Asks: 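Submitted below is the structure of interest, expressed as structure tokens.
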Amino acid sequence: MKEPFYQIELKTSGCSIELEINDIPFFGNYQEGGMAVDLPINNFILESGKQKITFIVLPLGNDKNIIHEATVEINIFVKEANMSYAEKTTIYTTKAPSFEHKSLPIFSFSNFFEAIVPYKLMGFKNSVSLEHESKVTILKALEFEQNKIIKILQTKDTEAYKIYHIDRLNDQYKSFYKSQEEIKEGEDSFFDGIPEKFKPIEFKDYKLEFYADYKLVALRKIKDSPGFVFVSENEKEYGFTEMAIYHRKTNGAPLTIIR
């Protein structure tokens, strides 16, 4: 394939689910009821070779254990990008085992699949380990970054958004083979559906999490994706989660957003 496009098909019922690619969280669903969704994953594939996938099954709501009827099915497909009706090839498939005779508060499973891509993303390969840095200092830095994001979103400053997210955007554009026209269309929709004003974030509801051997860090609200959950002051408007995973490129460099 000239431009392989990788996609996860996820089907669940009776449980919450979290997915990770190469030890990075990229999707979570905590709503009741069945779900079927297709998720593009190219920007989590840094280069050709073996890729790690992990799924974490959790109880719904305030349940202590996963219900016996819960099911999870995962398929990974590849097809030619930017081609209408391109045929999909299944490269990986798995299901969670039956929970019928088990009482589990959590179930996780990891495996590997092979991917071949024509690009290489630097991503966080050479990022500095944050393992021995002060957690208090990192937390304060992320709170400061949250204020930057709020200002960009509320002013709807496209250039500021591009500068702040430059590494993440460049990886997305490269891994999804975006044309200049498609990039421009994406820039025009950066702020679609964004509320005018947000309620202050309660950082006591968040915890600090590290990924990829401590090269990546994020604040994460319980049962939500890594990043900042913004709630509109207008109750008639929907809130949203701004996914925000950070790294430090070199010793002494500031934390910058990478996913």
Side-chain angles (χ1 to χ4, degrees), residues 1-10 18-28 37-56 74-82 86 88-94 108-131 133 138 142 145 162-180 182-183 186 209-220 225-227 242-251 253-259:
M1 292 185 185
K2 182 181 178 182
E3 295 178 334
F5 179 85
Y6 288 86
Q7 198 170 33
I8 288 179
E9 178 190 67
L10 173 64
E18 295 177 355
L19 286 181
E20 298 178 357
I21 296 291
N22 295 322
D23 295 323
I24 308 173
F26 82 101
F27 178 80
V37 63
D38 290 341
L39 306 163
I41 59 172
N42 277 45
N43 55 323
F44 289 89
I45 299 173
L46 300 185
E47 61 184 0
S48 296
K50 187 178 291 186
Q51 317 294 324
K52 183 180 179 182
I53 179 172
T54 301
F55 67 87
I56 303 164
I74 292 175
N75 298 293
I76 302 180
F77 301 104
V78 62
K79 65 177 183 178
E80 187 69 45
N82 302 312
K88 297 191 296 186
T89 300
T90 303
I91 63 169
Y92 178 82
T93 184
T94 190
S108 64
F109 176 79
S110 296
N111 208 338
F112 297 88
F113 66 95
E114 290 286 336
I116 300 175
V117 292
Y119 58 80
K120 285 188 177 183
L121 305 180
M122 181 57 65
F124 48 89
K125 290 179 189 175
N126 299 324
S127 302
V128 174
S129 172
L130 305 170
E131 183 175 7
E133 292 194 19
I138 292 175
L142 292 180
E145 294 304 316
K162 288 162 60 177
I163 292 169
Y164 188 83
H165 296 86
I166 185 169
D167 292 332
R168 186 170 82 179
L169 289 172
N170 284 341
D171 280 357
Q172 288 177 349
Y173 298 154
K174 189 173 185 178
S175 60
F176 290 114
Y177 321 109
K178 295 296 184 181
S179 66
Q180 289 301 313
E182 289 171 327
I183 290 172
E209 290 192 344
F210 296 89
Y211 316 112
D213 294 327
Y214 285 89
K215 290 184 176 182
L216 303 178
V217 66
L219 282 171
R220 186 172 190 173
S225 298
E242 174 76 4
M243 188 170 181
I245 300 177
Y246 291 82
H247 71 147
R248 196 182 305 284
K249 292 182 180 180
T250 58
N251 286 317
L255 292 174
T256 54
I257 199 165
I258 187 67
R259 286 295 180 271

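Remember, it's a predicted structure, so these values are computed and weren't measured experimentally.
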Asks: Any idea how F55 and F109 line up, ring-wise: parallel (<30°), tilted (30 to 60°), or perpendicular (>60°)?
Replies: tilted
Asks: Using only atom types and a distance under 3.5 Å, with no angle test, would you say the side chain of K215 pairs donor to acceptor with the backbone of K125?
Replies: yes
Asks: Has E47 got a side-chain atom pairing as donor or acceptor with I45's backbone, closer than 3.5 angstrom?
Replies: no
Asks: Between Y119 and Y177, does the side-chain contact (heavy atoms from CB on, under 4.5 Å) criterion hold? Intermediate values first, please.
Replies: CA-CA 9 Å; Y119 58 80; Y177 321 109; 3.7 Å; yes
Asks: Under the criterion side-chain contact (heavy atoms from CB on, under 4.5 Å), which of N42, I258, D171, D167 is the partner of L121?
Replies: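 In the set N42, I258, D171, D167, the residue that makes a side-chain contact (heavy atoms from CB on, under 4.5 Å) with L121 is D171.
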Asks: Before giving the answer on side-chain contact (heavy atoms from CB on, under 4.5 Å), spell out for I41 and I53 the whole-Å C-alpha distance, their side-chain angles and the decisive distance to 0.1 Å.
Replies: CA-CA 11 Å; I41 59 172; I53 179 172; over 6 Å; no
Asks: Can you tell whether the side chains of E242 and R168 come within less than 4.0 Å, N to carboxylate O?
Replies: yes
Asks: More than 12 non-hydrogen atoms from neighbouring residues, nucleotides or ligands closer than 6.0 Å to CD1 on I116, yes or no?
Replies: no
Asks: Hey, which of N22, I245, I24 is the one that makes side-chain contact (heavy atoms from CB on, under 4.5 Å) with F124?
Replies: I24
Asks: Does atom NZ of K120 have more than 12 heavy-atom neighbours from other groups under 6.0 Å away?
Replies: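 Counting neighbours around NZ of K120, 12 or fewer heavy atoms of other residues, nucleotides or ligands fall under 6.0 Å, so no.
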Asks: Can you name the one residue among T93, T94, D38 that meets side chain to side chain donor-acceptor pair (under 3.5 Å) with N75?
Replies: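 Among T93, T94, D38, the one that satisfies the side chain to side chain donor-acceptor pair (under 3.5 Å) with N75 is T93.
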Asks: Under the 3.5 angstrom rule, does the side chain of E80 hit a backbone N or O of K2 as a donor-acceptor pair?
Replies: yes
Asks: Where do Y246 and I138 land on the side-chain contact (heavy atoms from CB on, under 4.5 Å) test, with the steps shown first?
Replies: CA-CA 10 Å; Y246 291 82; I138 292 175; over 6 Å; no
Asks: Are there more than 12 heavy atoms of other residues, nucleotides or ligands under 6.0 Å from atom CD of Q180?
Replies: no
Asks: May I ask you to check if K88 and F77 form a cation-pi contact, with NZ or CZ under 6.0 angstrom from the six-membered ring centre and within 45° of the axis?
Replies: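 Relative to the ring axis of F77, which defines the angle, K88 lies inside both limits.
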Asks: Given the rule in the side-chain contact (heavy atoms from CB on, under 4.5 Å) test, do I8 and F26 qualify, once you have shown the distances and angles that lead to the verdict?
Replies: CA-CA 11 Å; I8 288 179; F26 82 101; 3.8 Å; yes
Asks: Answer yes or no: is there a donor N or O on one side and an acceptor on the other, between the side chain of E133 and the main chain of L130, under 3.5 Å?
Replies: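 Looks like no, no N/O pair under 3.5 Å.
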Asks: Counting neighbours of CG on N170 that are heavy atoms of other residues, nucleotides or ligands and sit closer than 6.0 Å, is the number greater than 12?
Replies: yes
